[in-house]
J.: 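Provided herewith is a single structure, encoded as structure tokens, for subsequent inquiry.
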Amino acid sequence: MGSKDISKIMTKVLIVFFAFVVIAIGIALFINRDRLPSQDLSEERCEQNNAQYLNSELSVEERVDDLLGRMNEWEKIGQMVLVEKNSIRNLEDIQRYNIGALLSGGGAGPKRNNEPLSWLEMINDFQAETKKTCLKIPLLYGIDAVHGHANVLGATIFPHFIGLGATNDADLVRRVAEATAEEMAATGIYWNFAPNLDVAKDIRWGKTYETFGSDTARVSRLGEAYLHGLQDSSTDYYQVLANPKHFIGGGSMQYGTSRNKDFKVEEGNFTLNEEELRRVHLVPFANAVDEGARVIMVGTASWNGTINAANSRLLTEILKEELGFTGFVVSDWYGVYQVAPTRYESLVTTINAGIDMVMTPFEYKDFMSNMQTAIANGDISQERLDDAVRRILRVKFEAGLFDRPEATVEGLSVIGSEKHHAIALEAVRKSQVLLKNTNAALPISASAKKIIVSGSSANNLGRQAGGWTSEWQGIDGDTSITGTTILEGIKSVVSEHTSVEYNQNGDFADGSPLADVGIVVVGEKPYAEGWGDNPNPKLSEEDLLAIKKTKTKSNKLVVIIVAGRPLDISAYSADWDAVVASWLPGAFGGGVADVLFGIYPFTGVLPIGWDI
Ligand code: BGC
Ligand code: BGC
């Protein structure tokens with residue numbers, strides 16, 4: 001065979017090979033094609049100019065009845081899905097699938113940048129897609145603005161809930177929520193995945209700082225205040241929807257029971273009898289329902305072995321029937337898909353148990369087709385479908401989504417306003433808890449001659465802010481936050497004759513005299529959720545060393561702990577003159593300095609047990 005023949009054969013082989021590849025791709029595309037049902041987009045059905053549901057003079061129930069009566073099954077199913085916005089590759093999918101709700105996961109902002117304007121434009125672009133659908137049902141857009149609208153550049157960053165718990169000041173908590181809601185609404189977002197009403201019983205849990213602490217009554221009272229702060233408004237609709245979470249019992253999950261191999265507590269199990277569950281964990285939720293909660297998020301905990309999202313006793317019998325909850329129940333991140341081996345079975349089980357909206361949060365196409373099948377098979381009844389959709393639509397009308405004017409550029413000026421900063425600063429001051437004060441170490445005199453400052457959290461806004469800031473897990477040393485570090489706060493309150501020297505590691509020049517006071521600001525690196533589960537929350541070696549070095553260079557030693565939970569300091573604290581629990585104060589470190597120097601008194605009270 002000549003080389004010509006060989007090359008001919010090779011060419012043929014290549015042609016056959018490419019043809020095969022092309023056919024294979026074609027088959028794959030055919031199998032995975034979107035099986036969209038043909039939608040009746042006729043003018044007759046979609047011309048809604050005189051539709052009753054658009055008439056804001058009618059009652060919410062009349063509007064819901066009218067709208068529900070116009071919807072086909074595909075449109076109804078679309079209302080039940082909550083999709084993470086980064087899973088929407090093609091904006092058009094919002095109309096093709098009639099998607100009813102989107103969320104930003106932690107840190108998931110606009111593609112362009114994190115400026116408020118980009119957020120506003122992003123939300124308005126999403127909403128614009130729904131206007132192309134037949135019934136033009138607005139999207140509900142949700143976000144974790146759990147300590148301010150902290151995904152957005154320049155937003156006011158408040159202390160995390162554990163610090164608000166320490167303030168024990170319901171009026172203040174209400175104002176924090178109100179300010180948060182104003183900043184959210186400015187970007188066109190009307191649904192906050194807050195307040196967290198978990199009652200934290202184990203500080204090893206990474207979500208401890210997201211709670212108001214371990215006392216049921218306090219969680220209930222502050223949760224109520226927060227809910228009103230978000231929702232109350234001078235108009236007929238809510239300012240922003242509150243979303244008590246995580247129903248229920250997560251604060252009692254046992255260490256080591258997590259279903260997730262990366263976690264210890266989160267996604268774990270708790271063992272309680274129903275009477276205890278009601279006494280410790282149900283009270284704040286029952287109260288929130290009485291006070292007007294319209295959305296409840298079900299967490300990922302299991303109660304005596306059953307995942308909450310699959311528990312009809314909890315969701316239907318107790319929450320909906322006994323407590324009379326008429327809003328909708330939303331599942332947590334990937335929460336329903338953990339209950340059974342297949343997504344189909346998971347959906348059937350959890351929706352029948354009482355979940356109304358599913359935070360998929362990714363595979364919405366698959367959700368839509370599984371739901372169609374489940375309804376066709378009679379595994380999910382028409383009544384259950386209608387009940388879920390009715391609840392969701394009811395809340396959409398109540399939230400004013402069909403009536404309220406679109407957020408505008410002019411409104412963005414409330415973001416990071418002086419007024420909101422002042423509320424945040426007040427919250428920081430009131431959240432500081434004095435754990436120990438000997439040798440009259442505190443308050444520090446503003447005219448002290450020499451103050452030395454050290455520690456990993458002294459000059460670090462990322463650590464002050466913690467998780468759920470800029471990113472889901474927060475950012476150690478985040479430079480995008482507008483605010484003051486504790487070090488800057490100290491510098492701004494001392495007299496002009498005071499020298500303030502800072503060295504993170506406590507490496508100060510030898511020499512006398514000793515500093516009047518050494519202040520060491522130590523603490524945790526930012527974290528969130530299961531990634532923050534920790535068998536033994538304690539100080540780092542680096543911080544302990546900074547404390548040791550600073551002590552030798554100062555007359556009195558004050559240790560400030562910036563952490564989302566109590567840290568074990570029992571082996572060391574006897575050597576320190578004063579100890580302050582700062583929690584995760586957020587962007588305004590000046591509030592810490594204000595109480596250290598006695599400009600304001602310490603009024604914070606422990607939200608959770610801490611033996612020092
Ligand atoms: C958390 C919720 C949060 C949701 C959306 C979940 O992992 O448990 O608290 O609201 O994600 O970000
Ligand atoms: C998201 C969070 C969510 C978490 C749950 C993250 O990727 O950003 O919002 O709570 O996943 O695992």
Side-chain angles (χ1 to χ4, degrees), residues 59-61 63-65 68 79-80 82 100-101 140 142 190-199 216 219-228 230-232 237-238 240-251 274 277-301 303 306-332 335-336 349-359 380-381 383-401:
S59 72
V60 165
E61 291 309 310
R63 298 175 81 180
V64 172
D65 280 340
L68 201 58
Q79 287 301 306
M80 293 176 67
L82 172 57
L140 199 47
Y190 308 115
W191 180 17
N192 191 356
F193 300 139
N196 182 310
L197 299 184
D198 288 315
V199 179
T216 300
V219 170
S220 194
R221 196 162 46 81
L222 299 183
E224 172 183 333
Y226 194 93
L227 178 131
H228 283 296
L230 290 183
Q231 295 198 162
D232 292 358
Y237 43 79
Y238 299 120
V240 156
L241 282 165
N243 181 151
K245 68 184 185 186
H246 305 82
F247 196 75
I248 185 179
E274 190 174 314
L277 179 69
R278 285 174 179 269
R279 187 170 46 79
V280 178
H281 297 286
L282 186 63
V283 172
F285 287 96
N287 186 51
V289 170
D290 282 347
E291 293 296 320
R294 308 306 289 137
V295 192
I296 304 271
M297 188 188 293
V298 178
T300 49
W303 178 30
T306 304
I307 297 182
N308 285 348
N311 192 329
S312 60
R313 167 95 190 117
L314 289 174
L315 309 187
T316 299
E317 289 176 29
I318 296 183
L319 179 57
K320 291 181 177 173
E321 292 170 7
E322 181 185 320
L323 300 180
F325 176 64
T326 57
F328 72 85
V329 174
V330 63
S331 59
D332 201 351
V336 306
T349 308
T350 54
I351 286 168
N352 286 331
I355 298 282
D356 301 305
M357 185 187 277
V358 176
M359 194 191 297
I380 293 176
S381 70
E383 291 69 46
R384 181 73 268 273
L385 172 70
D386 282 351
D387 172 52
V389 178
R390 173 177 291 279
R391 286 167 178 274
I392 293 163
L393 293 178
R394 180 183 288 144
V395 175
K396 286 192 170 186
F397 281 112
E398 291 171 344
L401 296 189

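Quick note: numbers below take in every heavy atom, side chains included, and nothing from hydrogens, waters or symmetry partners.
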J.: Within the structure provided, determine whether M80 and V389 are in side-chain contact (heavy-atom separation under 4.5 Å).
T.: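 The answer is yes, as the side chains (C-beta and beyond) meet within the 4.5 Å cut-off.
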J.: Test side-chain contact (heavy atoms from CB on, under 4.5 Å) on L140 and K396 and set out the steps.
T.: CA-CA 7 Å; L140 199 47; K396 286 192 170 186; 4.0 Å; yes
J.: Got a second to check how far I351's CD1 is from M357's CE, nearest 0.5 Å?
T.: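 Answer for the CD1-CE pair, I351 versus M357, is 11.5 Å.
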J.: Once rounded to the nearest 0.5 Å, what's the spacing between atom CG of L393 and atom CG of L68?
T.: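 One finds 6.0 Å between CG of L393 and CG of L68.
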J.: Does the side chain of W191 pick up a donor-acceptor pair with the side chain of N243 at under 3.5 Å?
T.: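 Yes, side-chain donor-acceptor contact under 3.5 Å.
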J.: For A293, does its backbone N or O pair with a side-chain atom of Q231 as donor and acceptor, under 3.5 Å?
T.: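 No; judged by distance alone, with no hydrogens or angles, the pair does not exist.
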J.: Using a 4.5 Å cut-off on heavy atoms from C-beta on, say whether the side chain of E321 contacts that of T316.
T.: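 With C-beta onward as the side chain, the pair touches.
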J.: Checking side-chain contact (heavy atoms from CB on, under 4.5 Å) for the pair L314/L277: CA distance, chi angles, key distance, verdict?
T.: CA-CA 11 Å; L314 289 174; L277 179 69; 3.9 Å; yes
J.: Applying the side chain to side chain contact (heavy atoms under 4.5 Å, CB included) test to F247, which of N311, V330, L282 qualifies?
T.: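 For F247, the side chain to side chain contact (heavy atoms under 4.5 Å, CB included) check succeeds only for L282.
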J.: Would you check if L319 and F285 make a side-chain contact, meaning some heavy-atom pair closer than 4.5 Å?
T.: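 No, every pair of side-chain atoms sits at 4.5 Å or beyond.
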J.: Is there side-chain contact between L241 and V395, with at least one heavy-atom pair below 4.5 Å?
T.: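 When only atoms from C-beta onward are counted, V395 and L241 do touch, with a gap below 4.5 Å.
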J.: Measure across L197 and P244 and return the closest heavy-atom pair with its distance rounded to 0.1 Å.
T.: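 Scanning both residues, the minimum pair turns out to be CD1-CB, 3.6 Å.
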J.: Minimum heavy-atom separation for A309 and A353, please, with both atom names.
T.: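 Looking at all heavy atoms of both residues, the closest pair is O-CB, 3.7 Å.
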J.: Roughly how far, to the nearest 0.5 Å, is the CG atom of L315 from the OG atom of S331?
T.: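 That separation rounds to 10.0 Å.
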J.: Would you call L323 and D290 a side-chain contact if the rule is heavy atoms closer than 4.5 Å?
T.: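 The answer is no; the side chains never approach within 4.5 Å.
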J.: In terms of side-chain heavy atoms, does T326 have a donor or acceptor partner in R294 at a distance below 3.5 Å?
T.: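 Side chains of T326 and R294: pair found under 3.5 Å.
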J.: With no hydrogens and no angle check, is any side-chain donor or acceptor of K245 less than 3.5 Å from a backbone partner on D198?
T.: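 Flag not set: sc K245 to bb D198 has no pair under 3.5 Å.
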J.: Hey, are the side chains of P284 and V199 touching, using non-hydrogen atoms and a 4.5 Å cut-off?
T.: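 Counting from C-beta outward, P284 and V199 do come under 4.5 Å.
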J.: Rounded to the nearest 0.5 Å, how far does CD of E317 lie from OG of S312?
T.: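 The CD atom of E317 is 5.5 Å from OG of S312, to the nearest 0.5 Å.
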J.: One thing to verify: whether R384 and D387 come together as a salt bridge, which I'm taking to mean a side-chain N less than 4.0 angstrom from a carboxylate O.
T.: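 The answer is yes: the pair qualifies as a salt bridge.
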J.: Between the side chains of K320 and D356, is the shortest nitrogen-to-carboxylate-oxygen separation below 4.0 Å, so that they form an ion pair?
T.: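 Salt bridge: yes.
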J.: Under a 4.0 Å N-O cut-off, is there an ion pair linking R390 with E383?
T.: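 Looking at E383 together with R390, the answer is no, because their closest N to O distance does not fall below 4.0 Å.
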J.: Does V336 reach the side chain of T349, with side-chain heavy atoms less than 4.5 Å apart?
T.: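 Sidechains of T349 and V336: no contact.
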J.: Where do Y226 and A194 come nearest, in terms of heavy atoms and distance?
T.: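 Taking every non-hydrogen atom into account, CE2-CB, 3.8 Å.
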J.: Could you check whether E322 pairs with R278 (Lys NZ or Arg NE/NH1/NH2 to Asp/Glu carboxylate O, under 4.0 Å)?
T.: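 Yes, this pair counts.
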J.: Check the pair E274 / W303 against side-chain contact (heavy atoms from CB on, under 4.5 Å), numbers first and verdict last.
T.: CA-CA 10 Å; E274 190 174 314; W303 178 30; 4.0 Å; yes
J.: Measuring from atom CE of M297 to atom CG of N196, what distance do you get when rounded to the nearest 0.5 angstrom?
T.: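 Result: 10.0 Å between the selected atoms.
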J.: Can you tell if the side chain of E398 reaches within under 4.5 Å of the side chain of Y237, non-hydrogen atoms only?
T.: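 In short, these two side chains do not touch, never coming nearer than 4.5 Å.
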J.: For a side chain to side chain contact (heavy atoms under 4.5 Å, CB included) with V298, tell me which candidate from D332, T350, I355 qualifies.
T.: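 The single option meeting the side chain to side chain contact (heavy atoms under 4.5 Å, CB included) with V298 is I355.
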